[in-house]
Structure formats: structure tokens, C-alpha cells
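In what follows, every chain begins at residue 1, and chains take the letters A, B, ... in the order their sequences are listed. Atom set for the values below is all heavy atoms of this structure, side chains included, hydrogens, waters and symmetry mates excluded.
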Amino acid sequence: MSGKNNRDRAKAKRVVQEQLAKERRRRVTLWTSLGVVALLIIVGLIGWGMATNQETVKTAGLTTPSVAVDEGTAFAVGTGPVKIDVYEDFICPACGRFESGATATIDQLVAANKVTVQYHPIAILDRASSTEYSTRSAAASAAAAQGGKFAEYHKVLFANQPEEGSAGLDDAKLIELGKSVGLTDAAFADAIHKGTYKAWATKVTDTAAARGVNSTPTVLVAGKALPSPTAEALTAAVASAGA
Amino acid sequence: METGLSARMTTGQVWISTAARLALAIVWLVAGGLKVGDLAASGRAVNAYRLFPYEVAKAIGAAQPFLEIALGLLLLAGLAVRLSAGISAGLLVIFIAGIVSAWVRGLQIDCGCFSTGGDLAAGQSPQYTWDLVRDAGFLLLAGILLWRPRTRYSIDGVLMGEQ
């Protein structure tokens, strides 16, 4: 009698324990799930907030060079009828190759008054140097443009292109290269020391991205992107655009 | 005998799930960690898929690395493993769909999976096949955890009173 009673009691106890454990699992699952969902939402919003904040900080004190064209995001070289847009990052190796291969062609087209080249110096490779060379060089090119020497300075920057993964050229070198193309006034050196046009470089980059430019070099002839930007492709596209 | 065998199988399964959990945690932590340093670039990587307006792409690109790191930490700690695995699987399916759509449309982009992506320079070829195989592998890890979320060394286990 008492043996059976004990067994029943033990069984009942086990059932109750199992139910309690089940209840506990359900409670834990519910609260951890709610917690995790809330956490992920908050974390996502933090990311969004941080990006917005970074953008605000990086574009604070925006100074747009007065000589810039195309909504203040580019510098024009030449006055010909066919418009070429070139989006480049001064540290991008593919841009360096494009420049060394196509500069002579572009110079000829400009000299023959066939094209207007709009250079958009964008900074998408700040991580490729330890000093955010992309932004600093784009800003320096704006200072050069303001001094009336964009085309010359653009060339000399590519001729002295630093390697990806290096520290990039320092400010002293940027100023020295400016001097070599005739930018000898204090205003140029000052703009580089103060980083006057760095916010502008960020804005140009953002504008380019908004236009769907996601890599460099991106070259558009009469608004149409060249699938593979080379001197030959450029010549052909300019010819078919009617110049 | 039979209970012994099934107990051994369960133990084995727990260890397989534990390995899957830690592997997936590392995947998310690495993927997020490589993007979190440059949120603007992450936004441009999303924009390169040309699926969203730029402002939307920027918001997604900014939130994504943080979500990835959070999922990585949750899996590492073993908190809400089944839910974390489910969200991981959902994200991976979205990534796979994104890559397939880029491929189908003939876009020449870096998937931005473990980098800040963007269009490829001329002469570079996309690695879509490899990207998809890799993501499918990660999806398998998430699937294992969805199916058998019980793992060793997990906060879930502690909360459930198992360990």
C-alpha cells in the first residue's frame, strides 16, 4: 500500500517538475527573443545614427571652390562640345593606369577643342592609406583648381601616385608638388595645411555615389559610361558622340 | 543499449551545433568588423547593387555592420541561438538574392560581403559563384542551428538550467 503511494507521489512530483521546467523554458525563450529583437533594432539604429553623424562631421564647414562646375562637384578642362566626366581617386591604381594610358589622348582632344573634361576627384579609398590620402589629395586638387592649376596639378599627383597601403604623400609633399606646377602662393599651402576643401571632397564623393558611381575610374562620354575606360574606348566614344 | 546510442547521438549533435554556432559567430564578427570602420563605404557597397535609392542604401549600409557584429556576439555567447540562427538565415537568403540579382543583371561588382565592395575596376571579374557557394555554406551552418539549437557553453543552456 504505502509502496504504491510513494511511487505515485514520486511520479506526480516528476510531472510537476517537468511542467515547471517547460514553463521556465517558455519564459526564457520569450524574454530572450524579445530582448534580442530589441537589441538588434537598437544596434541598427545606432549604426544609422553614427553614419549620419559621421557625414555631418565630415561635411561640416563645407567650402566649395568657386571655380567648380557641375553643381560645384567637378573641375572643367577644355571647352569642346562633347562632355567627358572622369571620376577618379588619386590613390586608385586603376586610375593611375587610366591616366598613364589616356592622358595624351585627352590632351589632344582638349587641344583640338573637341571635348570638355569634367574631373570629379572622389575619395572612396581612404582606407587604402594611413592618412586618408584620398580625401587629402582630392582637397588639394580643389585648392589647385582655385589657384587656376587643376589640370597641371591633377597630372603631377598621378605622376607621383603613392602605393595603396602606404601613408600617401604628406602635406609638405602636396605643397611641393604644387610649387612644381606654379602654385607658389601662400593661399594654396594654407588650404592644404588647414584642410579647407576636405569637407568638399566628402561631398563630391557622396554626390558621385548618389549618381551611381561606385568605383574609380568611371568615365562617361556624353553621359554614357565606358564599360572599360581606355584611350581607344574614349576616342571611339568621342567620335560617335559627334566630335 | 538503445538509450545509450541515442544519448551518444544527441551528445554528438550538441557538439556539431556548438561548432556551427561558433563558426557562424566568427563569420558575422569578421564580416561586420571589416565594414564597421567605414560606414560611408558600406553604404556605397549597398548602393553598388543598384537596388535601393542612395539614401536608403546608405541607411542599410550603416546598420548592417552593427547587426552583423550583434548577431556574432549573440551566437558567440549562445543567447537566443534559434532566433539568432533564424535571423542569420534570413539575412543570408537576402544576401544570396542580392548577389543573384546582381549576377542576372550583369553588374560587375564586388559583393561587399567581407569588404566595402563597390564596382569592380576594369579587368577585374566578379566572383559570384564563389560568393554564392560561400553564402550557401553559411546558410547551412544557420540551418543546423535552426534545426538543433542546443549547444554546449551557451547562455541559453544556463538560463534553461541545463548546465
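Among all heavy-atom pairs drawn from A:Thr216 and A:Cys95, the shortest one is CB-SG, 3.4 Å.
Listed in order of number, the residues of residues 53-62 of chain B that approach chain A to under 4.5 Å between heavy atoms are B:Tyr54, B:Lys58, B:Ala59, B:Ala62.
In this structure, the portion of A:Ala123 lying under 4.5 Å from any heavy atom of chain B is its backbone and not its side chain. Contacts of B:Leu159 with chain A are made by both backbone and side-chain atoms, with heavy-atom separations under 4.5 Å. Using a 4.5 Å cut-off between heavy atoms, B:Leu83 touches chain A through its side chain atoms alone. Proximity to chain B is limited to the side chain of A:Leu39, based on heavy atoms less than 4.5 angstrom apart.
Comparing A:Gly44, A:Ala51, A:Ala210 by how many heavy-atom pairs each has under 4.5 Å with chain B, the most go to A:Ala210. When A:Lys58, A:Arg27, A:Arg211, A:Gln54 are compared by the number of non-hydrogen pairs under 4.5 Å with chain B, A:Gln54 comes out ahead. Here A:Asp206 is the residue among A:Asp206, A:Asp126, A:Thr32 with the most heavy-atom pairs under 4.5 Å with chain B.
Shown here is B:Trp15, whose CH2 atom has more than 12 heavy atoms of other residues, nucleotides or ligands within 6.0 Å. Around CD of A:Glu164, the count of heavy atoms belonging to other residues, nucleotides or ligands within 6.0 Å exceeds 12.
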>> Could you go through B:Arg105 and B:Leu51, starting from their C-alpha distance and side-chain angles, then the distance that decides it, and tell me whether this counts as side chain to side chain contact (heavy atoms under 4.5 Å, CB included)?
In response: CA-CA 11 Å; B:Arg105 286 176 292 152; B:Leu51 290 169; 3.5 Å; yes
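The structure places CG of B:Leu29 at 9.5 Å from CG of B:Leu24, a figure rounded to the nearest 0.5 Å.
A side-chain donor from one of B:Gln64 and B:Glu68 sits under 3.5 Å from a side-chain acceptor of the other.
Aromatic ring pairs are classed by plane angle as parallel below 30°, tilted from 30° to 60° and perpendicular above 60°; the pair A:His154 and A:Phe90 is perpendicular. Using the six-membered ring where Trp is involved, A:Phe75 and A:Trp200 have ring planes that are tilted, between 30° and 60° apart.
Counting only heavy atoms from C-beta outward, the side chains of A:Cys92 and A:Pro217 approach each other to under 4.5 Å.
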